[in-house]
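Each chain gets a letter, A, B and so on, in the order the sequences are listed, and its residues count up from 1.
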Number of protein chains: 2
Amino acid sequence: MARKKSSNESGQTEAGPLRRAPMREFSRSLPMSLLRAREAVMRQFRPSLRNHGLTEQQWRILRALSAVDEIEVTELAHVAFLLGPSLSRILRDLEARQLIERKAAETDARRAVVSISAKGLKLIEAVAPTSEAIYAEITRRYGARKLAELQEMLGALEAGLAGMNSADEAELEADE
Amino acid sequence: MARKKSSNESGQTEAGPLRRAPMREFSRSLPMSLLRAREAVMRQFRPSLRNHGLTEQQWRILRALSAVDEIEVTELAHVAFLLGPSLSRILRDLEARQLIERKAAETDARRAVVSISAKGLKLIEAVAPTSEAIYAEITRRYGARKLAELQEMLGALEAGLAGMNSADEAELEADE
DNA sequence: GGGAGATGATTAACATGTTAAGTAGATTTC
DNA sequence: GAAATCTACTTAACATGTTAATCATCTCCC
């Protein structure tokens with residue numbers, strides 16, 4: 001009866017002979033571990049955000065804006081960890097929904113200064129309690145101390161890889 | 001003077017009076033930590049993949065396929081941690097590039113069975129050395145032991161949050 | 001003070017994430 | 001054994017990720 005392959009993690013033991021030795025048990029690679037962990041966390045928040053008509057990134061932006069009086073777009077991109085083009089689109093939408101306000105910087109007409117609106121603050125206040133409750137439950141389940149330790153290790157990973165970029169790009173054959 | 005706020009991390013100390021107490025230092029939230037850590041890692045791999053005309057997700061799929069003889073689409077989605085629609089599109093493209101092959105399952109015409117082609121394997125072999133070297137360098141910088149510990153903690157986080165959505169969403173398998 | 005280059009932001013183009021709807025084939029139910 | 005239902009994808013529609021190109025300003029330097 002269709003004998004579905006069950007929910008075998010890797011699927012390789014039932015699938016016949018291996019073509020090659022697996023380079024690294026794929027699902028245990030660092031990028032996959034990070035991806036799955038983050039998805040497990042975000043899965044908790046998304047329904048609540050969605051109920052308020054917000055995506056994860058829109059929420060990040062409003063959160064960041066709620067902590068300052070105003071901020072320039074480039075710095076907002078840095079804080080909310082979004083690329084310029086994504087931020088541009090989202091700001092356009094949030095401005096159309098009147099959740100934020102935008103004006104040109106006085107000293108430099110290229111720069112735009114963004115701030116959250118009263119309506120935006122109201123939305124934040126509506127979402128925050130649920131969001132905080134979810135975060136508290138995650139902390140409770142995982143353990144506050146362990147969570148802090150995890151974040152420290154993540155920060156160390158990020159910092160340790162910071163200067164690694166320049167080394168490999170030149171090494172790769174470009175063949176032009 | 002609305003002077004430029006320099007590159008202050010949070011931007012709040014110079015930005016004037018806070019509108020509210022920050023709920024949680026935003027950039028230190030767990031989702032942000034995970035996002036930044038993963039991005040720091042992927043930033044190392046993307047240039048190499050790009051040189052071979054592959055995106056991160058396409059590489060995940062080929063990697064997963066290279067470890068098995070063949071696999072059904074649903075299980076591939078699970079292993080490569082991709083949603084169905086994304087996988088559908090990517091498989092269509094990879095098939096057009098003749099990097100994979102697809103056929104219908106014998107026992108169930110709804111199911112599709114996917115396998116990597118010789119050309120796909122060749123591509124894997126071309127990318128793997130650089131990829132392995134980058135992974136080795138990351139491991140060296142961070143420490144093999146610490147890396148294993150981090151992955152264990154990430155796994156524990158994922159596992160700990162597994163049953164948490166049943167609180168307000170749906171109970172998938174318990175009853176119906 | 002004007003042109004070359006740098007910078008901040010947006011737009012373009014393509015790939016993926018995410019949810020909803022659609023389709024074809026299988027399973028159940030009466 | 002045919003309709004109702006379920007299942008495995010696939011498409012559709014919209015939002016974001018990612019890189020390149022564009023546009024407007026700004027800075028530097030002669």
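- Annotation: of the two residues near DNA chain D, A/Asp108 and A/Pro85, the 5′-most nearest-nucleotide partner is A/Pro85.
- Linking ILVMFWY residues whenever their side-chain heavy atoms come closer than 4.5 Å, directly or via other members, leaves B/Val113 and B/Val68 in distinct clusters.
- Across all strands, B/Thr55 comes closer than 4.0 Å only to sugar-phosphate atoms, never to a base (heavy-atom distances).
- Among the nucleotides D/dC26, C/dT16, D/dG17, the one closest to the side chain of B/Gln57 is C/dT16.
- Residues forming a side-chain hydrogen bond (donor to acceptor under 3.5 Å, both in side chains) with A/Asn51 (at least two apart in sequence, or on another chain): none.
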Pair B/Glu137, B/Arg140 - check salt bridge (charged side-chain N to carboxylate O under 4.0 Å, His left out), show working.
CA-CA 5 Å; B/Glu137 174 65 10; B/Arg140 190 189 67 76; 2.9 Å; yes
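- If you check every strand for non-hydrogen atoms under 4.0 Å, B/Arg89 touches a base.
- Counting to the nearest Å, the C1' atom of D/dT18 and the CZ atom of A/Phe81 are 13 Å from each other.
- Atom CD1 in A/Ile90 sits about 14 Å away from atom C1' in C/dT10, given to the nearest Å.
- One interatomic measurement links the two molecules: CG of A/Asn51 to P of C/dT19, which rounds to 12 Å at whole-angstrom precision.
- A salt bridge links A/Arg46 with A/Glu39; the closest basic N to acidic carboxylate O contact falls under 4.0 Å.
- Among the nucleotides C/dT11, D/dT19, D/dT25, the one closest to the side chain of A/Ser88 is C/dT11.
- The distance between atom CZ of B/Arg43 and atom C1' of D/dT18, rounded to the nearest whole Å, is 12 Å.
- Comparing B/Leu83 and A/Val73 along DNA chain C, the residue whose closest nucleotide (by nearest heavy atom) sits nearer the 5' end is A/Val73.
- At a threshold of 4.0 angstrom between heavy atoms, the contacts of A/Leu87 with the nucleic acid are absent.
- Between the A/Ser48 side chain and the A/Ser131 main chain, no donor and acceptor come within less than 3.5 Å of each other.
- When each of D/dC26, D/dT10, D/dG17 is scored by its nearest atom to the side-chain atoms of A/Ser86, the top-ranked nucleotide is D/dG17.
- Note on B/Thr74: only backbone sugar-phosphate atoms sit closer than 4.0 angstrom, heavy atoms only; bases stay farther off.
- Listed by residue number, B/Arg102 are the residues of residues 91-102 of chain B with a heavy-atom contact under 4.0 Å to DNA chain D.
- Considering only side-chain N and O atoms, B/Arg50 lies nowhere under 4.0 angstrom from the phosphate OP1 or OP2 of D/dT19.
- Atom P of nucleotide C/dA15 and atom CZ of B/Arg60 are separated by 16 Å, given to the nearest angstrom.
- Of the candidates B/Leu99, B/Val114, B/Ile116, B/Leu99 is the only one forming a side-chain contact (heavy atoms from CB on, under 4.5 Å) with B/Leu94.
- Between A/Arg111 and D/dT25, a side-chain N or O to OP1/OP2 separation shorter than 4.0 Å is absent.
- Atom CE in B/Met42 sits roughly 13 Å away from atom C1' in C/dT16 (whole-Å rounding).
- Nearest heavy-atom pair across B/Ser27 and B/Met32 is O-CB, 3.8 Å.
- Rounded to an integer number of Å, the gap from B/Glu72 CD to D/dT7 C1' is 12 Å.
- Side-chain contact of B/Ser33 with A/Gln151: a donor-acceptor pair under 3.5 Å is present, judged by distance alone.
- Taking atom CD of residue A/Gln58 and atom C1' of nucleotide D/dA15, one finds them 8 Å apart after rounding to whole Å.
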